[in-house]
Amino acid sequence: MKNKELAQIFEEMADMLEFEGEDPFKIRAYRNAARILEALTGDIEKIAGQGELQKLPGIGAKISQKIEEYLSTGRIKKHAELKEKVPPGVLELMKIPGLGAKTVKRLYDELCIVDVESLERAIEEGKLLTLPKIREKTVEKIKKGIAMYRSMSDRIHLGIALPVARRAVEFLREINSVKEVQEAGSLRRRKSTVGDIDILVASQSGPDITNAFVKAPFVRDVLARGDTKASIIVDEGVQVDVRVVAPESYGAALQYFTGSKEHNIKLRKIAGEKGWKLSEYGLFNENGKVIASHIEKEIYAALGMEFIPPEMREDRGEVELALKNELPRLVELGDIKGDFHVHTSFSDGTASPERIAEVAGKQYGYEYVGLADHSQSLKVARGLSSQDLLKKTWVIRKLNEKSSVYLIPSAEVDILPDGTLDYPDGVLEQLDIVIASVHTRFNMSVEEMTKRILAAIRHPHVHILAHPSGILLGEREGYKLDWETVFKEAASTGTALEINAYYLRLDLNDELVREALRFGVKIAIGSDAHHEDQMWMMELGVGVARRGWCEKDHVLNTWPIKKILSWAKEKRKSGLKIGKGAKR
DNA sequence: GCCGTTTTCGGCCCGACTGTTTTCAGTCG
Ligand SMILES: Nc1nc2c(ncn2[C@H]2C[C@H](O)[C@@H](COP(=O)(O)OP(=O)(O)OP(=O)(O)O)O2)c(=O)[nH]1
Ligand SMILES: [Mg+2]
Ligand SMILES: [Mg+2]
Ligand SMILES: [Zn+2]
């Protein structure tokens with residue numbers, strides 16, 4: 001799929017157009033197109049083939065033409081022309097905090113500054129001061145910006161950020177004058193990675209709060225401290241921004257600060273169409289009178305909408321649905337009755353089945369847990385031989401006689417490169433639920449990999465396809481797959497696709513989940529915990545499910561164990577038919 | 001560059017902070 005390549009190209013074109021001083025709205029159009037393409041699960045080539053590019057919101061005549069051009073020639077002329085004109089280093093300069101396109105363009109035009117190095121040299125030589133509107137303070141600001149840029153970490157995994165955020169929230173809650181505290185930004189929306197941690201506080205005494213906050217024990221560095229805002233770096237290297245607002249505008253501030261930016265813009269536009277104005281201070285009518293501001297929900301209500309869950313606020317159609325009162329009722333963490341994917345000390349996990357049962361029951365209130373260890377060929381993960389698996393299964397069934405949490409005899413079976421499974425059917429039959437996944441030979445063509453995955457999905461004993469895309473966040477792209485074919489097959493065979501909730505995977509991702517639901521695919525969430533302390537990541541998986549618009553019934557984990565087991569049986573029966581048919 | 005149950009042209013979110021201004025541009029969230 002060329003979706004991501006195209007997204008990257010349009011994003012880069014937006015940067016270059018910005019450098020060139022183009023119309024900001026045109027630049028927004030390019031960024032918007034990039035955002036649409038990035039999130040698109042269907043193959044852009046296929047959409048183009050059907051002549052439906054312009055049906056995508058934000059893609060019009062010009063951009064669709066450029067997409068076609070790229071698909072047929074492998075390049076976009078305008079992109080190449082821009083690349084000729086814009087030195088690559090200046091785009092990096094625009095990433096320095098405080099430096100934007102306008103300044104970078106001036107630095108380039110007048111001082112021939114083309115990258116960070118030449119900028120530093122120019123500062124050393126005092127050349128910047130020769131420019132109008134740049135004096136000592138600006139130079140200092142740029143110097144600081146460079147230092148910050150160098151020390152800036154990339155986006156942080158939600159699984160790292162969430163515990164940090166909760167610690168900060170708890171600390172703030174203890175401060176006397178604090179009326180309300182809450183996570184905001186991308187963290188509240190449960191994006192799988194966050195650029196920073198945004199926290200909102202309601203209080204009359206901002207200075208007291210920012211003062212106390214920068215002295216918190218977890219603070220490593222203080223970046224800024226004002227009367228209403230403080231920025232710090234915690235020991236984990238994450239930046240935390242705290243904003244303090246008056247209690248009467250808390251709801252509007254929370255709406256603003258939760259974003260996303262695109263969602264905010266859409267809301268503000270709708271307010272404008274009514275002659276009103278929405279900002280972080282409230283929703284105001286044409287006379288400047290407050291319509292709503294105290295409670296977030298009231299903002300949405302006044303605009304004629306249902307409350308939109310934060311996880312949906314990405315401008316992916318949620319506003320339109322909320323206006324019609326047609327939002328899905330999203331699955332909640334409290335609906336989760338069990339975890340399908342936990343590794344035990346039988347293979348590379350650290351916890352015994354007994355211990356997992358105890359934690360699952362006492363700490364999470366689960367009804368069941370799937371004990372899924374690796375299969376024999378995965379030697380690095382101490383995969384179980386057929387015999388060991390059968391022995392483990394016997395042990396688990398024995399434990400179940402007195403365990404209040406049902407331990408599901410399961411396994412995470414490797415899908416071998418030829419599409420066959422890593423255990424014989426006779427062994428798989430002994431398990432209640434079989435999870436299948438790919439751990440080797442990622443580098444296959446779309447056709448090969450799709451064939452490999454389809455074989456597993458069609459297998460009568462396979463119930464769940466784990467970490468279906470193979471992505472490792474920030475480390476490895478997923479392998480290539482024809483998703484439409486995979487989704488269709490999963491739906492027709494009754495095979496569930498996993499949301500692997502381990503913080504480095506979160507796979508399927510939100511967009512793929514949403515697409516899978518459109519095909520009628522069921523979703524199973526698995527923490528993939530190798531240690532009892534990782535079982536909490538279930539909630540990260542629920543975050544992905546909610547971002548993918550999952551309702552309760554879409555998610556197997558909300559079903560009682562009886563229903564799970566009868567579904568599993570059903571798959572074995574019907575899958576047998578389909579599996580045989582497909583094998584010609 | 002995109003878009004339209006008020007528009008096919010003329011809009012496109014709104015506000016804070018900063019530095020350099022003598023009335024505002026640039027950057028950011
Ligand atoms: N109305 C409006 N709100 C914005 C704009 N930029 C940011 N916001 C709001 C929505 C964001 O969620 C919130 C926090 O800003 P951030 O830059 O931290 O973005 P966010 O947390 O969404 O993503 P991140 O993971 O931090 O990159 O501020 C904007 O241009 N307009
Ligand atoms: Mg943020
Ligand atoms: Mg922020
Ligand atoms: Zn795995």
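Both backbone and side-chain heavy atoms feed into the values below; hydrogens, waters and symmetry mates do not. Just so we're on the same page: letters track the sequence lines, and every chain starts at 1.
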>> Ring-plane angle category for A:Y30 and A:F10, please: parallel below 30°, perpendicular beyond 60°, tilted otherwise.
In response: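 Rings of A:Y30 and A:F10: tilted, 30 to 60°.
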Tell me: [atom1] of [X] to [atom2] of [N], nearest whole Å?
{"X": "A:I265", "N": "B:dG15", "atom1": "CD1", "atom2": "C1'", "value": "13 Å"}
{"X": "A:L223", "N": "B:dG29", "atom1": "CG", "atom2": "P", "value": "12 Å"}
{"X": "A:D23", "N": "B:dG11", "atom1": "CG", "atom2": "C1'", "value": "11 Å"}

Could you check which of [options] has an atom nearest any side-chain atom of [X]?
{"X": "A:K137", "options": "B:dC2, B:dG15, B:dT20", "answer": "B:dT20"}
{"X": "A:K133", "options": "B:dA25, B:dC2, B:dG15", "answer": "B:dA25"}
{"X": "A:R243", "options": "B:dG29, B:dC2, B:dC13", "answer": "B:dG29"}
{"X": "A:K102", "options": "B:dG15, B:dT27, B:dG1", "answer": "B:dT27"}
{"X": "A:R28", "options": "B:dG1, B:dC13, B:dG26", "answer": "B:dC13"}
{"X": "A:F25", "options": "B:dC13, B:dT20, B:dG15", "answer": "B:dC13"}
{"X": "A:T228", "options": "B:dC14, B:dC13, B:dC17", "answer": "B:dC17"}
{"X": "A:R268", "options": "B:dG1, B:dT27, B:dC14", "answer": "B:dC14"}
{"X": "A:I63", "options": "B:dC14, B:dG19, B:dG1", "answer": "B:dG1"}
{"X": "A:Y281", "options": "B:dT18, B:dC14, B:dA16", "answer": "B:dA16"}

Using a 4.0 Å heavy-atom cut-off across all strands, classify [X] as base, sugar-phosphate, or nothing.
{"X": "A:P132", "result": "nothing"}
{"X": "A:K66", "result": "sugar-phosphate"}
{"X": "A:A271", "result": "nothing"}

> A:E314 pairs by side-chain hydrogen bond (donor to acceptor under 3.5 Å, both in side chains) with which of A:R35, A:K191, A:K261, A:R547?
Replying inline: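 Only one of A:R35, A:K191, A:K261, A:R547 forms a side-chain hydrogen bond (donor to acceptor under 3.5 Å, both in side chains) with A:E314, namely A:R547.
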> Quick one: is the NZ or CZ of A:R313 closer than 6.0 Å to the six-membered ring centre of A:F307, and within 45° of its axis?
Replying inline: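 Yes, A:R313 and A:F307 form such a contact.
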>> When you measure from the centre of the six-membered ring of A:F519, is the NZ or CZ of A:K488 closer than 6.0 Å and no more than 45° off the axis?
In response: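 Checked: cation-pi criterion not met.
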>> Can you say whether a donor on the side chain of A:Y256 sits under 3.5 Å from an acceptor on the base of B:dG29, or the other way round?
In response: yes
> Counting only N and O atoms by type, is there a donor-acceptor contact under 3.5 Å from the side chain of A:E306 to the main-chain atoms of A:L327?
Replying inline: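 Yes, A:E306 side chain to A:L327 backbone: donor-acceptor pair under 3.5 Å.
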